[in-house]
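Structure first, then comments.
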Amino acid sequence: MGSAGIMGSMRSFWQDASVLKQEVKPGTVRRTLQFTAPYRGLLGLFLAVVILDSVVTIAMPLIYRDIINNGILKGNTTLIIRLAILAGVLGLFDGALGLGRAYLLAKIGARIVLSLRTKLFEHVQRMSLAFFTRTQTGALVSRLNNDVSGAQSAFTDILSNVVGSAITVALVIVAMFVLSWQITLLALLLLPLFVLPARYWGRKLQTVAREGYDLTASMNSMMVERFNVAGAQLAKLFGHPREDSREFGSKALRVSDIGVKRTMYGRLFFTALMLMAVFATALTYGLGGVLAVKHELDVGTVVALVAYLARLYAPLTGLSNVQVTMMTALVSFQRVFEVLDLPPMIQESPHAVEIPAGPARIRFDRVSFRYPKASEVSLVSLGAVVAPDGTAEKAVLHGISFVAEPGQLVALVGPSGAGKTTITQLVTRLYDVQDGSVSVSGVDVRDAKLDSLRRRVGVVTQDAHLFHDTIRANLLYARPEATEAGMVEALRAAQMDRVVASLPKGLDTLVGERGHRFSGGEKQRLAIARLLLKAPDIVILDEATAHLDSDSEAAIQSAFAVALSGRTSLVIAHRLSTVLKADQIIVVEEGRIVERGTHGELLEQGGLYAELYQRQFAGVS
């Protein structure tokens, strides 16, 4: 019995047996089979190769039997040579079948992973912003990587260890019974000697493996927290490198120790099985030898039976744990289906219409809104906190009504947490209102095609995000068909053309993770350039000039004056100097509009806006 055969067939014992305690939803098997349906041709070919491989496995010991009985014992050298050549040819053929079997298995598994991963990625992209605010990114990435790969491994284990082993075991047992029913019964009676140590050490390996995964995750989490740009900066400013190194060293030591333990348990597991194999072979030779001496069995048959025995125990032992293998596959697929079954909170209406291009009118009509609870948008297994949370059910907007006419600049001001950003997020339909309506150019955003809405609106937030890619790629994300001249013009308007021109690689310069290669103001100006390149009908600026110095802010304001001409704009600003010329200023407090008017009108009212203005410009004439 080859070591590769033993370890491959025993892998099911390393799987976590606790999976048997989990419930599988009805229909999981059917859905799993649906994912494999497109690969029926490959599965059929794999099955044919497995059957042919098993037939060769059966033929080889019979050839050895004839070499001994009809060749060696009868002195027929011609037959010996012919049969030896035949065995060699079949051996090459068997090797080729093994390669084909491995290729088909890998191909089927890879295609299933591709299908699952692609569907998951596309589905997650359609999820609402609320889903991402309630989901741990690591858990979501793990679902895309680990769970999908786990589904692949479990499925290929079924094909290899269940389907392949079942065919091999059936043919081998039939052949052994034909040759000697006594030795075959002995071989089957000895099966517990393989299964019991496999189960014992398998449980040991499961425990150690789980502990190893947890320790590795803890160590990796520490590395991720310390090595991302923000974490590295915080660690350098406030951290304690010696203490961090000691903590990491402690975690790494435990991972190292558990790795040694896992290796030794694995070796003991393998050694126990090898000893059982040797024991079974010795008994077979013993009983077969006695029968041969009594002329009840010929010598060639004894050798053939021992050869069959080597091909029997590994797959038979693997089949004895088939329930764990099957459940592991189903649970892995079910975890993937959990995410696929989670409906996006923001969905396009079947009768959605295009928002007409051109000057846009924004209308809020008695809008009330609360943020969705975690249980409404995510899963516990993705890190969502679904315990009752009173704040999650509290309305953050109450009866908001206003109109932004085409070409108007409407400013939203008020204390932090008043609901200003929430108002802008309703325009882009990152969330849906519970009461009232939000319309753009006369179309309720809930009845608009999402692509149409997103094309009409451009947003720059206070913490503008840049992908870890080139400046060119970040700009083209807003408008893939843009020319280089268009990008240069957008950079010029955003006062970033000189900075980019001074870089050795220009537009092909990597911005770094989250754009950390640039200052806060430079990042903001790149985001503004991206907005200008998109040239939307509606512009939303959420503290877009917060990171700019006075000179840059003045330059950007000039650029905005041109870029926003003829476009409807919603601007959130705590620095009131940026909204003095707004056509309409809306003052929001605790989710309600408490004042509205122009700068001069609001100053005359002497309300909250006037108070905020006086705080910022006290002593300034």
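Using a 4.5 Å cut-off on side-chain heavy atoms (C-beta onward), Leu475 and Leu507 make contact. Side-chain contact between Leu297 and Leu305 is present, with at least one heavy-atom pair separated by less than 4.5 Å. Counting only heavy atoms from C-beta outward, the side chains of Asn474 and Thr470 never approach each other to under 4.5 Å. Ser245 has its side chain out of reach of Arg242: every pair of non-hydrogen atoms, C-beta onward, lies at least 4.5 Å apart. Within the 4.5 Å cutoff, the side chain of Glu481 has no heavy atoms near those of the Leu476 side chain. Within the 4.5 Å cutoff, the side chain of Asp469 has no heavy atoms near those of the Tyr477 side chain. Two residues are said to be in side-chain contact when any heavy atoms from C-beta on lie closer than 4.5 Å; Ser115 and Lys119 meet this criterion. Counting only heavy atoms from C-beta outward, the side chains of Leu430 and Ser128 never approach each other to under 4.5 Å.
Minimum heavy-atom separation, Thr168 to Ser54: OG1-OG, 3.1 Å. Taking every heavy atom of both residues into account, Ala304 and Leu179 meet most closely at CB-CD1, 4.1 Å. For Lys449 against Glu348, the heavy-atom pair with the smallest separation is CA-OE1, 3.3 Å. When every heavy atom of Phe131 is checked against every heavy atom of Val124, the shortest pair comes out as CE2-CG1, 4.2 Å. Nearest heavy atom pair, residue Ile80 against residue Ile72, reads CD1-N, 3.6 Å. Scanning all heavy atoms of the two residues, the minimum distance from Leu90 to Ala59 falls at CD1-CB, 4.3 Å.
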For Tyr64 and Leu83: C-alpha separation, side-chain torsions, deciding distance, then whether side-chain contact (heavy atoms from CB on, under 4.5 Å) applies. CA-CA 8 Å; Tyr64 301 151; Leu83 291 176; over 6 Å; no
Could you go step by step and tell me if Ile346 and Leu450 meet the side-chain contact (heavy atoms from CB on, under 4.5 Å) rule? CA-CA 9 Å; Ile346 305 299; Leu450 288 174; 4.2 Å; yes
Please walk me through it: do Arg101 and Phe46 pass side-chain contact (heavy atoms from CB on, under 4.5 Å)? CA-CA 6 Å; Arg101 176 173 170 171; Phe46 173 80; 3.6 Å; yes
Please walk me through it: do Arg82 and Leu86 pass side-chain contact (heavy atoms from CB on, under 4.5 Å)? CA-CA 6 Å; Arg82 288 177 178 174; Leu86 177 60; over 6 Å; no
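Using a cut-off of 4.0 Å between Lys/Arg side-chain N and Asp/Glu carboxylate O, Arg246 and Glu243 are scored as salt-bridged.
The CG atom of Leu104 sits 9.5 Å away from the CG atom of Leu43 when rounded to the nearest 0.5 Å. Ile108 contributes atom CD1, which lies 5.5 Å from atom CG of Leu42 (distance to the nearest 0.5 angstrom). Taking OG1 of Thr57 as the reference point, atom CG of Leu97 lies at 9.0 Å (rounded to 0.5 Å). Taken from CG in Leu52 to CG in Leu47, the straight-line distance is 11.5 Å, to the nearest 0.5 Å. Note that CG of Leu120 and CD of Gln125 are 11.5 Å apart. Values are rounded to the nearest 0.5 Å. Ser256 OG to Leu253 CG: the interatomic distance, rounded to the nearest 0.5 Å, is 6.5 Å.
Listed for the Tyr308 side chain is a donor-acceptor partner under 3.5 Å among the backbone atoms of Ile58. A donor-acceptor contact shorter than 3.5 Å links the side chain of Thr184 to the backbone of Met176. At distances below 3.5 Å, not a single donor-acceptor pair connects side-chain atoms of His123 with backbone N or O atoms of Thr118.
The environment of Arg472 atom CZ is dense: over 12 non-hydrogen atoms of other residues, nucleotides or ligands sit within 6.0 angstrom. No more than 12 heavy atoms of other residues, nucleotides or ligands shown are found within 6.0 angstrom of CZ on Arg254. Heavy-atom contacts from other residues, nucleotides or ligands closer than 6.0 Å to OH of Tyr103 number 12 or fewer. Within 6.0 Å of atom CZ in Phe177, more than 12 heavy atoms from other residues, nucleotides or ligands are found, so the atom counts as buried in its surroundings. Other residues, nucleotides and ligands place no more than 12 heavy atoms under 6.0 Å from the CZ atom of Arg111.
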